[in-house]
Novice: 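My structure is below; once you've seen it, I'll send some questions.
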Amino acid sequence: MISYDAGKVEEKWQKKWDSTKLNRVNLNSKKPKFYNLVMFPYPSGDKLHVGHWYNYGAADSYGRYIRMKGYNVFEPMGFDSFGLPAENYAIKTKVPPKESTDKNVAYMIKQLTRIGTIYDWDKSVMTSLPEYYKWTQWIFLELYKRGLAYKKNAPVNWCNSCKTVLANEQAEGGICERCKNQVVQKNLEQWFLKITDYSEKLLDRTGLDWPEKTILMQRNWIGRSEGINFREKVKDLDIWFEVYDSVPQTFIAQTFTVIAPDHPLISKLVKGTKYEKSVMEFVEDIKKKKMANKFNIETDMEGIFTGRYVENPFGKGDLPIWIASFVLAEYGTGVVNCSAHDERDFAFAKKYGIPLRIAMLPPDEKEAEKVKNFEYCYHHANNGVLQDPVEFKGRKWGEAREDIINYIEKKGFGKKSTNYKLRDWLISRQRYWGAPIPIVYDPNGNPHPIPEKYLPWELPTDVDFKPTGESPIVHSNEFFKRTEKIFGKGWRPEVDTMDTFMCSSWYFLRYPCNKMGKKPFDRKIVDKWLPVDMYIGGAEHACMHLLYARFLNMALYDMGHIGFKEPFKRLVHQGTVTKDGAKMSKTKGNVVSPDGFVDKYGSDVFRMYLMFMGPFTEGGDWSDKGITGIARFVERFWKMISEGSEKVIDRGLLGKNINKLIKKVTEDIEELHFNTALAAFMEFINFASKNGIDKTCKKIITQLITPFAPHLAEECHEKIGGKYSVSFSKWPGYDPKLVQDDLTKIGVQVNGKLRGEIEISKDASQEEALKLARANENVMRYLAQGQVVKEIYVSGRIVGFVVK
RNA sequence: GGGCGAGUGGCGGAACUGGUAGACGCGCUAGCCUUAGGAGCUAGUGGCCUUGCCGUGAGGGUUCGAGUCCCUCCUCGCCCACCA
């Protein structure tokens, strides 16, 4: 028999919260602030799926808890509403992106409200609104002013049959998603942000309470390495190469030099020589293969001799210059010196018969002999004994690094240098549904920033969504006319839009300032409210959103617009909810919709079931099997409050158990261990159903359940005569004296094996404990088998005997 | 190939700094209640050759004592993978 009607109750309270404006936040409150943020969703046409609920429900529970702890909690929600899916949808259906996006947003707000979250919708943002992207453009211009935004030629994925640029996701495996033709690389003039200026600052993690793994991922992504830049002259030519080497210990073994196939100096190297034709053909061939994504970097290693040499750099002879397919033009200097002590170099030399030299040997003589005969590549770094240069003979590879670097500098071979893997952020998208890049070109093609007074530089709407594959923006008369009208005849607008990551890199600044018309944010307000105290979102953003947002925040800080360097103080990644072990996705057709379950069991039950699945950061595989357990729990909870016997059998025990519960729930929420907190509630109910429960405890447990099941809590609170609203009541504290049991059962071990159990006072002495343990019949039998050589008592834990 | 993380009943998962492994829930079994039950209640539920023995992926080690610490291996997951 169901006595608690979740559907009715939840609707009732959602209406009341709305009509009483319960969750509106006064940003000027004197209470201590807490900015509780969760990554905002993309408003897709699909409904919210289980993953959203998993994430938003738990994050809201945390926010509700913090609010009851007395903080002024700011928990906003918005929409990352620019992006490709809406545009593709428009191409398919001719519904303009704005229309479908608005519709999706309206629907999602309904769904999000149904969760019972405390979002203050007054403070919402939507990145595709002109009032928002005006400021995204403003930020771009600020960066441009300071040289942090610039234009250069860069390759894009291009489909020759669709005649369009493709995003990486649309070009997976080098195949066009739409027509299944080969994708090629094509060079286009595009805009970049100079994130590389912040490589060093982005490595700094001071004050960040972030998962170690995420910090590590960012560090690897930035990829700082220190080494030597050798400076070397090409023989017979007035060309100098800079050659980067991050492992210079074996530099003296270098016997040849390789350069990237797309190195700009190649044609100069071979011009007029007998090598010119074959080299240039080789270069073209490799480029073509790479462009067509036909080049397998794992297995294909190709090279060609240029006929040129690097002039006797270390006094050991000239180094032949080769072109090698594996060298990257964009890392380091695009030129590498090779030696026998690098596996790839070694393989290359073997393939093309290039002479090698040894500078390091293994300590084992037999092995050393093999290495001397070039039987294999010896790179077993730490054990390696250096042979050459003589100054270092006998020293270990592992410890000689610093000295060798100094030696190289002293000799004048090269200079210390630092390199990063991080590249500048390409923000140009040859797409319609994004914020237009606020740049115009004069008749000579020179770029000019659009003055602030013309912002927002609005996205044109006189466009036709035909599946031509080209961005519809190119065909907007209004856009081009507008440009000429303002700037003059022959002027053209930039037709590319910005990467949506640009829009999502600063939204957290806009939330508390969302209605401001004259500026993106107010320094006083953001300095008060940021950094974000708790940021919850997916781990997949480690090297994208989370890095971009930090970069932009730092840049704004350096410009003096804001007073904090880092945007997110504490970061937590929710786990992924899978279905049959696979990520939920539309294409796989394994997306689970929450709606049916919410209809049947109610939003509280659904939220709690997801939290009960396991630790929040672990995620798990979706199964609808256990949800009845939580439904029963809610039913029993309601019964306990509404008709639970107030004839208490053991008052003392009740007091203890409620205090224990407060402690457990409090600590578990702090650590986001919602699953064990819920288990504790269940234990308490099991206890109370036998023991009875008094009014005070009813009130306390109602407060405790509020973050987990806000609707149920309001209903219970009202039932027991509480004043609206329980969600602003003060979080209960516990009496530390009452959470400890006076008597505990502990085990008795003999030689490490459990042989008995005794009940003992928590502050019993060792003597008492041992005496009690010896009195145990079973323990006695085992003690009789020999001499007791050691006695152990760990207070409140265990008694142990060692018998010989 | 490199980095990180994880392997506990039929299932999801508990177990704080090493100290009674399996909390809580699902499922299952029996009973009660009921015209009936895919509702509710009560009891039970790691395995076995059951005075006891064995059990946290496998094998070794440290310890009075190991799911927890150390070494080797296996399996799975995620991220990065031509970075000189």
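Fair warning: this is a prediction, and the values are worked out from it, not measured in the lab. Letters go in sequence order (proteins before strands), and every chain restarts at 1.
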Novice: B/rA84 pairs with which nucleotide, Watson-Crick or G-U wobble, both distances below 3.5 Å?
Specialist: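 Paired with no nucleotide.
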
Novice: When you measure from the side-chain N and O atoms of A/Ser246 to the phosphate of B/rC83, is any distance below 4.0 Å, counting only OP1 and OP2?
Specialist: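 It does not, given that no N or O in the side chain of A/Ser246 lies less than 4.0 Å from OP1 or OP2 of B/rC83.
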
Novice: If you apply the rule side chain to side chain donor-acceptor pair (under 3.5 Å), what do you find for A/Asn419 with A/Ser225, and how did you get there?
Specialist: CA-CA 5 Å; A/Asn419 262 291; A/Ser225 97; 5.6 Å; no

Novice: Closest to the A/Lys753 side chain: B/rU20, B/rC54, B/rA84?
Specialist: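 The closest nucleotide is B/rC54.
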
Novice: Provide, to the nearest angstrom, the distance between the CZ atom belonging to A/Arg219 and the P atom belonging to B/rC4.
Specialist: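 Rounding to the nearest Å, CZ of A/Arg219 and P of B/rC4 are 12 Å apart.
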
Novice: Given that both distances must come in under 3.5 Å, which nucleotide forms a Watson-Crick or G-U wobble pair with B/rA14?
Specialist: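 Check on B/rA14: unpaired, no WC or wobble geometry under 3.5 Å.
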
Novice: Quick check with a 6.0 Å cut-off and a 45 degree axis cone: is A/Arg550 positioned over the face of A/Trp210's six-membered ring?
Specialist: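 Yes; both conditions hold, so A/Arg550 lies above the ring face of A/Trp210.
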
Novice: Find the partner of B/rU42: check Watson-Crick (N1-N3 plus N6-O4 or O6-N4) and G-U wobble (N1-O2, O6-N3) distances, both under 3.5 Å, and reply none if neither fits.
Specialist: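 Pairing partner, where one exists within any strand: B/rA30.
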
Novice: Which nucleotide in the set B/rC24, B/rC53, B/rG27 lies at the smallest distance from any side-chain heavy atom of A/Thr628?
Specialist: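 Selected nucleotide (nearest to the side chain): B/rG27.
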
Novice: State whether a side-chain donor-acceptor pair under 3.5 Å links A/Tyr420 with A/Glu200.
Specialist: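 The answer is yes; a qualifying pair exists.
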
Novice: Please report, rounded to the nearest Å, how far the C1' atom of B/rG25 is from the CE atom of A/Met611.
Specialist: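 From A/Met611 CE to B/rG25 C1': 15 Å.
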
Novice: Would you mind telling me which of B/rU51, B/rA84, B/rC41 lies closest to the side-chain atoms of A/Arg636?
Specialist: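 For A/Arg636, the side-chain atoms sit closest to B/rC41.
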
Novice: Looking at A/Arg755, does any N or O in its side chain come under 4.0 Å of the phosphate oxygens OP1/OP2 on B/rU51?
Specialist: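 Indeed not, no polar side-chain atom of A/Arg755 lies that close.
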
Novice: What interatomic distance, in whole Å, is found between C1' of B/rC16 and the corresponding atom of B/rA30?
Specialist: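 Roughly 38 Å separates the two C1' atoms.
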
Novice: Give A/Asn220 one of three labels, base, sugar-phosphate or nothing, depending on what nucleic acid heavy atoms sit under 4.0 Å from its own.
Specialist: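 No contact.
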
Novice: Mind checking A/Arg781 for me? I need base, sugar-phosphate or nothing, with any heavy atom below 4.0 Å counting as a touch.
Specialist: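 Here A/Arg781 touches the backbone only, sparing every base.
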
Novice: Does some side-chain heavy atom of A/Val335 sit less than 4.5 Å from a side-chain heavy atom of A/Ile259?
Specialist: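 SC-SC contact between A/Ile259 and A/Val335 confirmed.
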
Novice: Determine the interatomic distance between P on B/rA15 and the same-named atom on B/rC69; round to the nearest Å.
Specialist: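 About 15 Å, rounded to a whole number of Å.
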
Novice: Let me know, please, whether A/Tyr244 or A/Leu216 comes out on the 5' side of the other along RNA chain B by nearest nucleotide.
Specialist: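 It is A/Leu216 whose nearest nucleotide is closer to the 5' end.
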
Novice: Just how far, in rounded Å, is P of B/rG2 from CE of A/Met217?
Specialist: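 It works out to 19 Å between those atoms.
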
Novice: Please pick, from B/rC83, B/rU20, B/rC41, the nucleotide with the shortest atom-to-atom distance to any side-chain atom of A/Lys421.
Specialist: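 Shortest atom-to-atom distance from the side chain points to B/rC83.
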
Novice: Is the gap between the ring centers of A/Trp397 and A/Tyr378 under 6.0 Å?
Specialist: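 No: the rings miss the under 6.0 Å criterion.
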
Novice: Would you say B/rA84 has OP1 or OP2 under 4.0 Å from some side-chain N or O of A/Tyr331?
Specialist: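 For A/Tyr331, the contact criterion (side-chain N or O under 4.0 Å from OP1 or OP2 of B/rA84) is met.
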
Novice: Taking the C1' atom of each, how far is B/rG2 from B/rU62, in whole Å?
Specialist: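 Their C1' atoms lie roughly 31 Å apart.
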
Novice: Quick check on B/rG9: syn or anti? Syn means the glycosidic torsion is within 90 degrees of zero.
Specialist: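 B/rG9: syn glycosidic orientation.
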
Novice: Can you give one letter per nucleotide of nucleotides 12-19 of chain B, going 5' to 3': B for a protein heavy atom under 4.0 Å from the base, S for sugar-phosphate only, - for none?
Specialist: BSS-BB-B

Novice: Scan A/Asn686 against the nucleic acid and name what it touches under 4.0 Å (heavy atoms): base, sugar-phosphate only, or nothing.
Specialist: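 Since only primed, P, OP1 and OP2 atoms lie under 4.0 Å of A/Asn686, the category is sugar-phosphate.
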
Novice: Please determine, for B/rG2, whether a Watson-Crick or G-U wobble partner exists with both distances under 3.5 Å, and give it or none.
Specialist: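 With both distances under 3.5 Å, B/rG2 matches B/rC79.
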
Novice: How many whole angstroms separate atom CD of A/Glu683 from atom C1' of B/rG22?
Specialist: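 Value for this atom pair: 13 Å.
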
Novice: Is there side-chain contact between A/Lys579 and A/Val50, with heavy atoms separated by less than 4.5 Å?
Specialist: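 In short, these two side chains do not touch, never coming nearer than 4.5 Å.
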
Novice: Only pairs with both distances under 3.5 Å count, Watson-Crick or wobble alike; so what is the partner of B/rA66 in this structure?
Specialist: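 Paired with no nucleotide.
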
Novice: Over all strands shown, is A/Val247 touching base, sugar-phosphate only, or nothing at heavy-atom distances under 4.0 angstrom?
Specialist: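 Sugar-phosphate, no base atom in range.
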
Novice: Starting at the 5' end of RNA chain B and moving along, which residue's nearest nucleotide shows up first, A/Phe801 or A/Lys745?
Specialist: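 Checking each residue's closest nucleotide, the 5'-ward one belongs to A/Lys745.
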
Novice: Choose from B/rG52, B/rA84, B/rU20 the nucleotide whose nearest atom is closest to any side-chain atom of A/Leu754.
Specialist: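 Of all the options, the side chain of A/Leu754 is nearest to B/rU20.
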
Novice: Categorize A/Arg344 for me: base, sugar-phosphate, or nothing, with a 4.0 angstrom heavy-atom threshold over every strand shown.
Specialist: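 Base contact.
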
Novice: Whether the side chain of A/Glu757 engages the backbone of A/Lys745 through a donor-acceptor N/O pair (distance < 3.5 Å, no angle test) should be reported.
Specialist: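 Not at all, since once roles are kept as given, no pair shorter than 3.5 Å links the two residues.
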
Novice: Taking a pair as Watson-Crick or G-U wobble with both distances under 3.5 Å, which nucleotide is matched to B/rU56?
Specialist: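 Pairing partner, where one exists within any strand: none, as none qualifies.
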
Novice: Work out which heavy atom in A/Cys377 is nearest to a heavy atom in A/His341; give both atom names and the distance.
Specialist: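 Minimum heavy-atom separation between A/Cys377 and A/His341: SG-C, 3.9 Å.
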
Novice: Within the 4.0 Å heavy-atom criterion, would you say A/Ser225 contacts the bases, only the backbone, or no part of the nucleic acid?
Specialist: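 The residue A/Ser225 makes sugar-phosphate contact but no base contact.
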
Novice: Taking the six-membered ring for Trp, are A/Phe348 and A/Phe326 ring centroids under 6.0 Å apart?
Specialist: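 Ring centroids of A/Phe348 and A/Phe326 are less than 6.0 Å from each other.
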
Novice: Suppose you measure atom P in B/rC26 against the same atom in B/rA21; what distance do you get, rounded to whole Å?
Specialist: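 Here B/rC26 and B/rA21 have their P atoms 25 Å from each other.
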
Novice: When rounded to the nearest Å, what value does the distance between P atoms of B/rG59 and B/rC54 take?
Specialist: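 Going atom to atom, P in each nucleotide, I get 14 Å.
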
Novice: May I have the distance from A/Asp668 (atom CG) to B/rA23 (atom C1'), rounded to whole angstrom?
Specialist: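 For the pair A/Asp668 CG and B/rA23 C1', the rounded distance is 12 Å.
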
Novice: Considering non-hydrogen atoms only, spot the tightest contact between A/Ile252 and A/Asp388 and give its length.
Specialist: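 Smallest interatomic distance, heavy atoms only, reads CG2-O, 3.2 Å.
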
Novice: Tell me what A/Lys790 touches on the nucleic acid: a base, only sugar-phosphate, or nothing, going by heavy atoms under 4.0 Å.
Specialist: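 Base contact.
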
Novice: Could you tell me the Watson-Crick or G-U partner of B/rU50, where both distances fall under 3.5 Å? Say none if there is no partner.
Specialist: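 With both distances under 3.5 Å required, B/rU50 matches none.
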
Novice: Between B/rA23 and B/rU45, how far apart are the C1' atoms? Round to whole Å, please.
Specialist: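 My reading of the C1' atoms in B/rU45 and B/rA23 gives 15 Å.
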
